[in-house]
Every structure is written in structure tokens, then in C-alpha cells.
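Keep in mind the model is a prediction, meaning the values are calculated, not measured.
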Amino acid sequence: MLLVLAVLLFSCKPDNPVTPSAYNIGSGVFVLNEGNYQFSNGSLSFYDPEADTVVNNLFYKVNQAPLGDVAESMALVDGKLYIVVNNSNLIYKVDANTMACDTTKPFKLTDFYSPREMHFVAPDKAYVSDLMGTDLWIINPQDMTHTGTIAMGNTTEKMLQVGNELYVSNWSYYYIDAYSHESFHTVQVVDLNNDMKVADIEVGKEPNTMVADKNGHVWVLCEGRSWEDEFGENPTLWEIDPMLKTATQRYEFKGPYDFDDDIKGVASTLKVNPAGDQFYMIYNNEVRRFDLATLTLSETFCITPGPDGLFYNMAVDPRTGDIYVTDAKNYMMNGMVYRYTGDGLLLASFEAGLIPSAMLFK
């Protein structure tokens with residue numbers, strides 16, 4: 001698989017400040033639509049659950065510019081929304097209430113290899129993971145500058161803070177060694193006090209998302225897939241004790257056809273309910289619930305997509321426990337977002353942009 005980095009970057013124009021439109025974003029959920037790779041058609045939507053209304057192409061409507069190539073993730077701190085655009089290799093800093101770029105201060109940080117996720121440690125310090133480099137970036141969000149790196153030795157993906165430590169998943173090292181069919185099996189731990197890697201914890205193949213339960217233990221969902229099918233395995237869920245820095249329990253999820261060893265299950269996007277005692281995951285194109293009380297997938301909870309639907313990503317509202325699930329459809333048409341109660345009852349749905357993925361609650 002060859003990646004060709006796009007060189008055409010779109011941005012707000014600080015020498016031509018925009019006049020914020022009538023948009024005054026209140027409480028709700030931002031939906032980041034990835035767009036197609038190398039088409040620079042990523043976009044931003046905002047959904048108000050109280051009014052049951054959605055505004056699409058929000059960033060473009062305010063700033064008269066598209067987000068760029070593959071809108072990947074978001075972070076929200078002190079009234080500023082930070083938008084990571086993966087293949088354009090940049091992060092935008094915008095006003096979370098008006099969506100206007102801050103034209104009086106730096107609003108864009110570039111020159112990453114392939115930025116993925118952003119995690120705040122303090123108002124003036126954040127980490128950025130990278131899919132194609134082996135360092136974790138350290139940035140100052142106040143003036144949007146690079147301030148350092150942490151040598152990880154692996155590519156990095158999702159991040160989860162537990163106390164004064166940051167857990168970082170190594171989803172793949174395909175981009176380091178294009179001829180290798182292996183995948184990383186580790187989650188790394190960074191000491192936030194001295195910006196140093198302090199542990200490598202072995203888990204399953206392709207660890208993607210992580211959550212912390214009510215006891216502060218870290219749970220890691222591993223896809224188990226690989227770039228070559230013959231090297232794949234069934235998805236697994238691992239429990240890590242932060243005190244021991246080791247995985248203490250492992251749960252394997254079977255494929256859709258358990259009798260055929262050549263057909264493997266697909267699992268992604270692990271999320272936790274507000275109480276920290278139930279997990280939700282997208283498993284074989286369904287939303288399933290993993291109960292900590294029984295340490296099994298619930299046999300009574302299952303959310304399935306509509307005809308030709310493709311569940312792509314998921315988020316849980318930390319205030320209400322409502323589950324939001326994105327449907328990427330066929331990757332060529334606008335996707336949908338479905339909102340369910342924590343028990344799986346459909347509450348609402350709305351059309352978003354092209355390949356809706358990351359969601360962030362405001």
C-alpha cells in the first residue's frame with residue numbers, strides 16, 4: 001500500500017478575516033466527516049439534540065474554505081476547537097462557538113508526517129500521534145508551535161490518559177516497513193511528568209481504541225486484522241492494570257462464522273458508558289455491548305444498520321449515555337448518524353457529510 005501525501009492545502013486566510021456568520025454553536029455534538037483520500041473534501045457538521053437540528057459544511061460556510069484531505073479527529077479546550085487533518089498534515093484552531101479561525105493568533109500548525117489524534121495535558125501543552133513517524137509530537141496550542149518530540153520507536157494512534165501517564169496504541173508499523181506483514185502488538189506508556197516512554201505492554205494485533213473502566217483499568221480493543229489476510233486473527237479485548245503495566249486478562253471474539261477458521265471477525269471503536277461498567281463496540285457491522293459484570297458480550301443488546309449500511313464510528317455522550325453511530329454508506333455519498341439510548345432505542349437520525357467519523361460533545 002503506497003501513500004502519496006497531498007500537497008494542496010486549504011486554509012483560512014488571516015489577511016482576509018472572515019466575519020462570523022449567524023452561527024452561535026451551543027451544546028451538542030460535532031461530527032467530523034473524513035471525506036475521500038486525496039480529494040480534500042473533509043467537512044464539519046454540528047448536531048443539536050435538543051432541537052434535533054443539524055448544520056453541515058459548517059467550517060466551509062464560515063471560513064469559505066474546505067477543511068482539507070481526510071479530516072481525522074478533534075479536541076476541544078478553552079473554547080477552541082482543534083481539528084486534525086491527516087493527509088494535509090495540519091491542525092486547525094477555530095473558535096468553537098462561531099467556527100471562525102482565530103486570525104489574530106496562529107490558527108494552523110503544519111509539517112507533521114501524518115497527524116492522527118491530539119491529547120491535551122495542559123492549556124499550553126498537547127501531544128499529537130503520528131501514523132507515519134516514530135515520535136510523539138509535543139505542541140504548544142497557545143501559539144501553535146512544535147515544542148518537542150518523544151521517541152517511541154513505533155507509529156502511534158489513539159491516546160488515553162490515566163493519572164499522570166498516557167497510554168498510546170501502536171496500531172501498525174506498516175508505514176515504517178512497507179515490506180513487512182507483521183503488526184505491532186503493543187500499547188506504550190508515557191510519563192507525563194518527564195515526557196518519556198516508560199513501558200511497552202504486549203497486547204493483540206492492531207490495537208486501536210482504548211477506554212478506562214470505573215476502577216481505572218485500561219481496556220484495549222485489538223482489531224486482529226493485518227494487511228495480508230493470512231496474517232490476521234480474531235479481534236481481542238485486553239485489560240491492563242496500570243499499577244502492574246501488564247495485560248491481566250484477554251477476551252477473544254469469534255468471527256461471523258465460527259466454524260470456518262478462514263473467516264475472521266471485525267471489531268473497532270471501543271467506547272465506555274458514563275458509569276464505566278459497560279463497553280460498546282462495533283463488531284461485525286453491529287453495535288454490541290460488553291458487560292463488565294459478566295465479562296461477556298450481551299446476548300440481548302444489538303444494534304444493526306439499515307440495508308447496505310456500514311457502521312463506521314461511534315461515540316457515547318458522557319452526560320446522557322446516548323450512543324451515536326456513524327454510517328459511511330458506500331464512501332461515495334453523504335453518510336448518516338444515528339442516535340440511540342444506552343439501551344439501544346433509536347431516538348433520532350440525521351444526514352451528515354462524506355464518511356462521518358469522529359464525534360466530539362460540546
**Fill in**
Residues Lys158 and Met210: closest non-hydrogen pair is O-CE, 3.5 Å
**Asked** Which distance, rounded to the nearest 0.5 Å, do you find between the CE of Met99 and the NZ of Lys61?
**Response** 13.0 Å
**Prompt:** Is any side-chain heavy atom of Tyr324 less than 4.5 Å from a side-chain heavy atom of Lys271?
**Reply:** no
**Item:** Single-linkage hydrophobic cluster Leu192~Ile150, side-chain heavy atoms < 4.5 angstrom
**Value:** yes
**Prompt:** Heavy-atom distance under 4.5 Å between the side chains of Asp69 and Gln38, does that happen here?
**Reply:** yes
**Message:** Between His185 and Lys205, does the side chain to side chain contact (heavy atoms under 4.5 Å, CB included) criterion hold? Intermediate values first, please.
**Reply:** CA-CA 5 Å; His185 302 251; Lys205 281 192 174 183; 3.1 Å; yes
**Item:** Minimum heavy-atom distance between Ala352 and Val337, given as atom pair plus value
**Value:** CB-CG2, 4.0 Å
**Asked** When the ring planes of Phe290 and Phe279 are compared, do they come out parallel, tilted or perpendicular, using 30° and 60° as the limits?
**Response** parallel
**Request:** Give the minimum heavy-atom separation between Met144 and Ile91, together with the two atoms involved.
**Result:** CE-O, 3.5 Å
**Asked** Does the side chain to side chain contact (heavy atoms under 4.5 Å, CB included) test come out yes or no for Glu165 and Lys245, once each step is laid out?
**Response** CA-CA 11 Å; Glu165 294 180 326; Lys245 299 291 187 299; 3.0 Å; yes
**Any side-chain heavy-atom pair of Asp130 and Met152 under 4.5 Å** = no
**Prompt:** Counting only N and O atoms by type, is there a donor-acceptor contact under 3.5 Å from the side chain of Ser73 to the main-chain atoms of Val84?
**Reply:** no
**Request:** Would you check if the side chain of Asp191 reaches a backbone N or O of Met196 as a donor-acceptor pair within less than 3.5 Å?
**Result:** no
**Pair Asn140, Thr147: side-chain N/O donor-acceptor within cut-off below 3.5 Å** = no
**Message:** Using modelled atom types and a 3.5 Å cut-off, is there a donor and acceptor pairing between side-chain atoms of Asp95 and backbone atoms of Thr98?
**Reply:** yes
**Asked** Counting only heavy atoms not in Asn330, do more than 12 sit closer than 6.0 Å to its CG atom?
**Response** yes
**Asked** Do you reckon Ile201 sits in the same ILVMFWY cluster as Leu160, going by side-chain contacts under 4.5 Å, direct or chained?
**Response** yes
**Asked** Nearest 0.5 Å, what's the CG-CD distance between Asp213 and Gln278?
**Response** 12.5 Å
**Donor-acceptor side-chain pairing of Asp241 and Thr246 below 3.5 angstrom** = no
**Prompt:** Would a 4.5 Å heavy-atom cut-off, applied to side chains only, mark Cys101 and Phe59 as touching?
**Reply:** yes
**Message:** Could you check whether any side-chain heavy atom of Val31 comes within less than 4.5 Å of a side-chain heavy atom of Phe350, counting everything from C-beta outward?
**Reply:** yes
**Prompt:** What are the two closest heavy atoms between Pro141 and Phe120, and how far apart are they?
**Reply:** CG-CE2, 3.4 Å
**Verdict with supporting geometry, Asn97 and Asn24, side chain to side chain contact (heavy atoms under 4.5 Å, CB included)** = CA-CA 5 Å; Asn97 296 315; Asn24 187 11; 4.1 Å; yes
**Asked** With hydrophobic residues grouped by side-chain heavy-atom distances under 4.5 Å, do Met336 and Ile282 end up in a single group?
**Response** yes
**Main-chain N/O of Val266 paired with Asn284 side-chain donor or acceptor, under 3.5 Å** = yes
**Asked** Do the side chain of Asn285 and the main chain of Gly309 share a donor and acceptor less than 3.5 angstrom apart?
**Response** yes
**Message:** I need the Thr326 OG1 to Tyr338 OH distance, nearest 0.5 Å.
**Reply:** 10.5 Å
**Message:** With clusters defined by side-chain heavy atoms of hydrophobic residues (ILVMFWY) lying less than 4.5 Å apart, directly or transitively, does Val218 cluster with Val168?
**Reply:** no
**Message:** For a 4.5 angstrom cut-off between non-hydrogen side-chain atoms, does Phe311 reach Thr269?
**Reply:** no
**Fill in**
In short, Thr110 meets His146 closest at the heavy-atom pair O-CE1, 3.1 Å
**Message:** Quick check: closest heavy atoms across Asn56 and Gly353, and the distance to 0.1 Å?
**Reply:** OD1-N, 4.3 Å
**Request:** Would you sort out whether Leu136 and Leu166 count as a side chain to side chain contact (heavy atoms under 4.5 Å, CB included), showing the intermediate values?
**Result:** CA-CA 11 Å; Leu136 201 62; Leu166 186 71; 4.2 Å; yes
**Message:** Is it true that Tyr127 and Asp195 share a donor-acceptor pair across their side chains at a distance under 3.5 Å?
**Reply:** yes
**Prompt:** How about Lys214: does its NZ atom have over 12 heavy atoms from other parts shown lying under 6.0 Å from it?
**Reply:** no
**Asked** What distance separates Glu34 CD from Glu72 CD, expressed to the nearest 0.5 Å?
**Response** 5.5 Å
**Asked** Distance only, no hydrogens: is a donor on one side chain within 3.5 Å (strictly under) of an acceptor on the other, for Gln142 and Asp124?
**Response** no
**Asked** Between atom CG of Asp135 and atom CZ of Phe112, what is the distance when rounded to the nearest 0.5 Å?
**Response** 12.5 Å
**Request:** Identify whether the distance between the nearest side-chain nitrogen and carboxylate oxygen of Arg319 and Asp317 falls below 4.0 Å.
**Result:** yes
**Prompt:** Taking atom types as modelled, is there a side-chain donor on Ser357 or Asn313 under 3.5 Å from an acceptor on the other?
**Reply:** yes
**Request:** Following the transitive rule for hydrophobic clusters with a side-chain heavy-atom cut-off under 4.5 Å over Ile, Leu, Val, Met, Phe, Trp and Tyr, establish whether Val121 and Ile138 coincide in one cluster.
**Result:** yes
**Prompt:** Under a 4.5 Å cut-off applied to non-hydrogen side-chain atoms, are Thr236 and Val203 in contact?
**Reply:** no
**Message:** Determine whether Asn86 and Ser114 satisfy the following criterion, side-chain hydrogen bond (donor to acceptor under 3.5 Å, both in side chains), listing intermediate values before the conclusion.
**Reply:** CA-CA 6 Å; Asn86 172 241; Ser114 183; 2.8 Å; yes
**Message:** Contact between Leu131 and Glu157 at the side-chain level, heavy atoms closer than 4.5 Å - yes or no?
**Reply:** yes
**Message:** For Phe39, is there any backbone N or O sitting under 3.5 Å from a side-chain donor or acceptor partner on Asn36?
**Reply:** no
**Complete:** In short, salt bridge (charged side-chain N to carboxylate O under 4.0 Å, His left out) pairs touching residues 339-354 with sequence neighbours left out are Asp322-Arg339
**Request:** Run through Asn334, Asn57, Asn33 and flag the one making a side-chain hydrogen bond (donor to acceptor under 3.5 Å, both in side chains) with Ser45.
**Result:** Asn33
**Request:** Rounded to the nearest 0.5 Å, what's the gap from OG on Ser129 to CG on Asn170? Could you check?
**Result:** 10.5 Å
